[in-house]
Amino acid sequence: KAGVTQTPRYLIKTRGQQVTLSCSPISGHRSVSWYQQTPGQGLQFLFEYFSETQRNKGNFPGRFSGRQFSNSRSEMNVSTLELGDSALYLCASSLEGGQEKLFFGSGTQLSVL
Amino acid sequence: GESVGLHLPTLSVQEGDNSIINCAYSNSASDYFIWYKQESGKGPQFIIDIRSNMDKRQGQRVTVLLNKTVKHLSLQIAATQPGDSAVYFCAETGATNKLIFGTGTLLAVQP
């Protein structure tokens, strides 16, 4: 069974641009969560989607948004990029939702110049 | 606010020794705790979990201990191997059902 797949693996953007990251969960998993990982702040919860609905949201500005499609694939979007948005963005899926037994992808490393 | 912290940022052990990684949590209402392992270039990998109604849970070469009195969590790795070298994170689910991660401990296994 394939694991969680995130694309692209690396991304370089400049300030003010927007970016879209993609995540394909493990087959059969209906929940997708997104996390931001930085050396300074560690792993921080962004949001969770379950059956195309946002079920939970972390403390990030409205520039961070996401969505989930009917096939459970998810995208997250960051608009008006700032230097501080440089981070590893991790997607995790779970079978029934919530934050138990998450399976993480390898992440998208975003660099904002 | 809620927070989960680690006592030691780096732990160096000899191959074959046992490792103990510690974690403190602040939210006494948390009822689920998880340990993750993150190798370089990869996402966190689930190791073991424990619910607040348990004090101890064992897996393959790993044991998690939960002390609710002092809000302390530990991960014990038996017969540590070079492949165990990674960053280890503890995490808790708080009342908001958001996973809160600790800052991580780097485990370095010396041959």
Side-chain angles (χ1 to χ4, degrees), chain A residues 2-10 21 23-26 29 31-50 53-60 64 66 74 87-110, chain B residues 1-10 21 23-27 29-54 57 59-60 62 64 66 73 86-106:
Chain A
V4 177
T5 304
Q6 291 188 247
T7 57
R9 186 72 180 90
Y10 301 95
L21 312 180
C23 172
S24 294
I26 291 173
H29 284 195
S31 169
V32 172
S33 297
W34 288 88
Y35 285 82
Q36 182 196 65
Q37 185 173 27
T38 61
Q41 300 298 319
L43 280 147
Q44 293 187 292
F45 174 78
L46 280 156
F47 26 66
E48 179 194 359
Y49 286 87
F50 184 85
T53 300
Q54 186 180 89
R55 192 150 81 168
N56 212 344
K57 191 177 187 302
N59 298 321
F60 279 81
F64 292 81
S74 177
L88 179 67
Y89 290 88
L90 292 158
C91 166
S93 74
S94 68
L95 191 59
E96 292 295 334
Q99 301 298 298
E100 298 189 9
K101 290 189 172 61
L102 296 179
F103 292 84
F104 283 85
S106 294
T108 293
Q109 183 68 54
L110 172 65
Chain B
E2 298 176 342
S3 68
V4 179
L6 293 171
H7 297 302
L8 298 172
T10 304
I21 302 172
C23 175
Y25 64 94
S26 61
N27 188 354
S30 293
D31 59 3
Y32 181 69
F33 304 88
I34 316 104
W35 281 99
Y36 282 94
K37 170 188 180 183
Q38 187 173 24
E39 297 174 278
S40 180
K42 298 183 180 179
Q45 176 187 358
F46 173 88
I47 301 172
I48 192 168
D49 57 359
I50 188 168
R51 297 198 179 277
S52 58
N53 61 353
M54 301 174 69
R57 190 161 187 226
Q60 187 175 14
V62 295
V64 56
L66 176 62
L73 192 68
V87 177
Y88 289 79
F89 294 95
C90 64
E92 62 168 318
T93 56
T96 55
N97 198 31
K98 298 172 186 176
L99 203 56
I100 300 169
F101 282 84
T103 54
T105 292
L106 173 62

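Just so it is clear, the structure is predicted and the values come from calculations on it, not from any experiment. So you know, we letter chains A, B, ... as the sequences are listed, proteins then strands, and number each from 1.
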Toward chain A, the part of B:Q38 with a non-hydrogen atom under 4.5 Å: side chain
Closest approach of B:G102 to B:F89 (non-hydrogen atoms, all atoms of both residues): O-CD2, 3.3 Å
One option among A:Q37, A:K57, A:Q6, A:Q44 has the most heavy-atom pairs under 4.5 Å with chain B, and it is A:Q37
Smallest separation among heavy atoms of A:L21 and A:P8, with atom names: CD2-CD, 4.5 Å
Surrounding NZ of A:K101 (heavy atoms of other residues, nucleotides or ligands, distance under 6.0 Å), is the total greater than 12? yes
Against B:C90, only a single residue in B:V64, B:T105, B:I100, B:L73 fulfils side-chain contact (heavy atoms from CB on, under 4.5 Å); can you say which? B:L73
Measure distances from A:R9 to the heavy atoms of chain B and classify the residue's part below 4.5 Å as side chain, backbone, both or neither. side chain
Interchain contact, A:Q41 with chain B, by part (heavy-atom threshold 4.5 Å): neither
Cut-off 4.5 Å, heavy atoms of chain B, and the answer for A:L43 is both
Can you see which heavy atom on B:G59 is nearest to which on B:I48, and at what distance? N-CD1, 3.7 Å
Measure distances from A:F103 to the heavy atoms of chain B and classify the residue's part below 4.5 Å as side chain, backbone, both or neither. neither
Interface moiety of A:L88 toward chain B, non-hydrogen atoms closer than 4.5 Å: side chain
Determine the minimum heavy-atom distance between A:L90 and A:G105, stating which atoms define it. CD2-O, 3.5 Å
